[in-house]
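Read the structure below first, then the notes.
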2 protein chains.
Amino acid sequence: MAFSKKEEFTKEDMWLADISKALSHPARIRILKILTSMNSCMVGNIVEQLPLSQSTVSQHLKELKHVNLIDGEIDGPRVCYCINNKTLARAKKEMDKLYSIICDC
Amino acid sequence: MAFSKKEEFTKEDMWLADISKALSHPARIRILKILTSMNSCMVGNIVEQLPLSQSTVSQHLKELKHVNLIDGEIDGPRVCYCINNKTLARAKKEMDKLYSIICDC
DNA sequence: ATCGTTCATCGTAAATATACGATAATTAAA
DNA sequence: TTTAATTATCGTATATTTACGATGAACGAT
């Protein structure tokens, strides 16, 4: 494609699409679950629990952070990631809105 | 990458990831909304309402159909698409479950 | 039988995603 | 001040996604 046409839609639809994209890999869904279940949330702990290399996990974390689904806080030589509940709550709200429009459920 | 590692996760996480992927482009979200709002749902009507070519829209429809979010029924030379409420209801249920795990909302 | 309409598929190009190892940057510890 | 540990980034390879025009297949109408 010469260029993407994703900008030619409403901000709302684009935001939902971006959030959905962030959730479109099982590793990233898994990461969100891990961050919820663990007290500690440093990268190493996440890598341990996934069948992926450290660099790949780092990339997945970057994508989740990019849409603000998670936050990362530097803690010495480590980085502690955690869920961003504000974004997640907004995502749930917007998703519910979408489903209320397109589905009788 | 030599090969994808998406199979090394739970069926549940993979299914959620696949549904999310289907929703990861604003055109596809728009299509679902159009299918809900219109009585008629032939491809031409959808193409009219999107800034994309017929072949591109056809590809997006294929992706939505692939995960059973929509059904297509042949009607003479036309194809009539509609929302698959069963899949959508399941998606809503599984998404709610995910959010209940990862978010206090 | 031919023609026009409708839609999917093919071929293709460019962008993005996925994955890894290697390396750089940062900090704590020895 | 080296060293070890931790994580991000770079470089790279391959796969997938997005987009389009062209073509083909199916059907109704003439």
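Order of the sequence lines fixes the chain letters, A, B, ..., with proteins taken first and strands second; residue numbering starts at 1 for each chain.
Counting only N and O atoms by type, the side chains of B:Asn68 and B:Asn84 include no donor and acceptor under 3.5 Å apart. For the residue pair A:Ser53 / A:Thr56, a side-chain donor-acceptor distance below 3.5 Å is found, with atom types taken as modelled.
Rounded to whole Å, atom P of D:dA5 lies 16 Å from atom CG of A:Asn45. Atoms CD1 (B:Ile46) and C1' (C:dT6) sit 13 Å apart, rounded to a whole Å. B:Leu50 has its CG atom 13 Å from the P atom of C:dC7, to the nearest Å. Taking atom CE of A:Met14 as the reference point, atom P of D:dT18 lies 15 Å away to the nearest angstrom. Rounding to whole angstrom units, CG of residue B:Leu23 and P of D:dT17 are separated by 14 Å. Going from atom CD1 of B:Ile29 over to atom P of D:dT18 covers 12 Å, rounded to whole Å. The separation between B:Arg78 atom CZ and C:dG4 atom C1' is 12 Å, rounded to whole Å. Distance, B:Glu73 CD to D:dA26 P: 18 Å, rounded to whole Å.
Among the nucleotides C:dT18, D:dT7, D:dT18, the one closest to the side chain of B:His25 is D:dT18. Checking C:dA8, C:dA19, D:dA8 against the side-chain heavy atoms of B:Tyr81 singles out C:dA8 as nearest.
By the 30° and 60° cut-offs, the orientation of the rings of A:Phe9 relative to B:His25 is perpendicular.
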Nucleotides 22-26 of chain C: which of its N/O atoms have a protein N/O under 3.5 Å away?
none

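Non-hydrogen atoms lying under 4.0 Å from DNA chain C are contributed by A:Gln59, A:His60, A:Glu63, all within residues 58-72 of chain A.
By the 4.0 Å N-to-carboxylate-O rule, B:Lys97 lies close enough to B:Glu12 to be salt-bridged with it.
Side-chain N/O atoms of B:Lys21 include one lying less than 4.0 angstrom from OP1 or OP2 on D:dT17. Look at B:Ser53 and you'll find a side-chain N or O under 4.0 angstrom from OP1 or OP2 of D:dC20.
Heavy atoms from other residues, nucleotides or ligands lying under 6.0 Å from CD of A:Glu73 number 12 at most.
The line from CD1 of B:Ile29 to OG1 of A:Thr10 is 8.5 Å long, rounded to the nearest 0.5 Å. Interatomic distance, A:Leu32 CG to A:Ile46 CD1, rounded to the nearest 0.5 Å: 9.5 Å. With rounding to the nearest 0.5 Å, the separation of CG in A:Leu23 from CG in B:Asp18 is 12.5 Å. In this structure, CG in A:Asn45 is found 4.0 Å from CE in A:Met38, a value given to the nearest 0.5 Å.
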